[in-house]
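Worksheet for the structure shown next.
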Amino acid sequence: MTTGLAVMKINSELGYEPVTYSELTQDEQFWAGCKSCVNYEILMSKERKNCMCTAMLYDPKDHYEPEETKAFFEENQSGLERLLRFKQWKFLKPFRRKEKNGGGGSSLKVFFNSLFH
């Protein structure tokens with residue numbers, strides 16, 4: 001639940017969808033998370049049926065199953081590895097230039113090698 005546009009945008013990109021308050025759980029532990037919100041009094045005065053916040057839910061049934069994702073990666077492993085090598089080459093290129101010009105970078109090289117390998 002949020003009133004922030006940026007949070008709603010991120011949640012939407014992650015697969016959350018706006019829902020009515022009647023679709024939310026009535027579990028007290030869930031609603032306890034709202035106690036610190038400035039809109040808590042509004043929420044409680046409306047008996048948790050309405051608020052200034054937008055309620056969003058994630059339904060895993062609407063998204064890829066882990067097995068489908070695993071199968072996708074297995075089928076496309078060589079192409080994804082090629083893409084990863086290309087990205088490493090492209091994004092690390094400026095740091096390699098610094099090393100050739102004597103601009104310190106050995107620690108950067110170690111850092112990026114550990115990051116990508």
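Scanning both residues, L43 and C34, for their nearest heavy atoms gives CD2-CB, 3.9 Å.
Here the side chains of K87 and K90 are not in contact, with every heavy-atom distance at 4.5 Å or above.
Under a hydrophobic clustering in which Ile, Leu, Val, Met, Phe, Trp and Tyr are joined whenever their side-chain heavy atoms come within less than 4.5 Å, directly or via other members, L83 and L92 fall into different clusters. In the hydrophobic cluster analysis, where Ile, Leu, Val, Met, Phe, Trp and Tyr join through side-chain heavy atoms closer than 4.5 angstrom, L24 is grouped together with Y40. Using a 4.5 Å cut-off between side-chain heavy atoms of Ile, Leu, Val, Met, Phe, Trp and Tyr, with links allowed through other members, M8 and I10 fall into the same hydrophobic cluster. Grouping the Ile, Leu, Val, Met, Phe, Trp and Tyr side chains by contacts below 4.5 angstrom, directly or via other members, places L14 with L5.
Note that CE of M56 and OG of S12 are 3.5 Å apart. Values are rounded to the nearest 0.5 Å. Atom OH in Y16 sits 15.0 Å away from atom OG1 in T54 (nearest 0.5 Å). To the nearest 0.5 Å, the span separating OG on S45 from NZ on K49 amounts to 12.0 Å. With rounding to the nearest 0.5 Å, the separation of CE in M1 from CE in M52 is 12.0 Å.
A side-chain N or O of E23 and one of T20 form a donor-acceptor pair less than 3.5 Å apart.
Q77 pairs with exactly one of E75, E74, E81 by the side chain to side chain donor-acceptor pair (under 3.5 Å) rule, that one being E81.
The number of heavy-atom neighbours closer than 6.0 Å to CD of E47, taken from other residues, nucleotides and ligands shown, is 12 or below.
Taking the six-membered ring for Trp and thresholds of 30 and 60 degrees, Y21 and W31 have nearly parallel ring planes, at less than 30 degrees apart.
Salt bridge K46/E41: absent, no basic N to carboxylate O contact under 4.0 Å.
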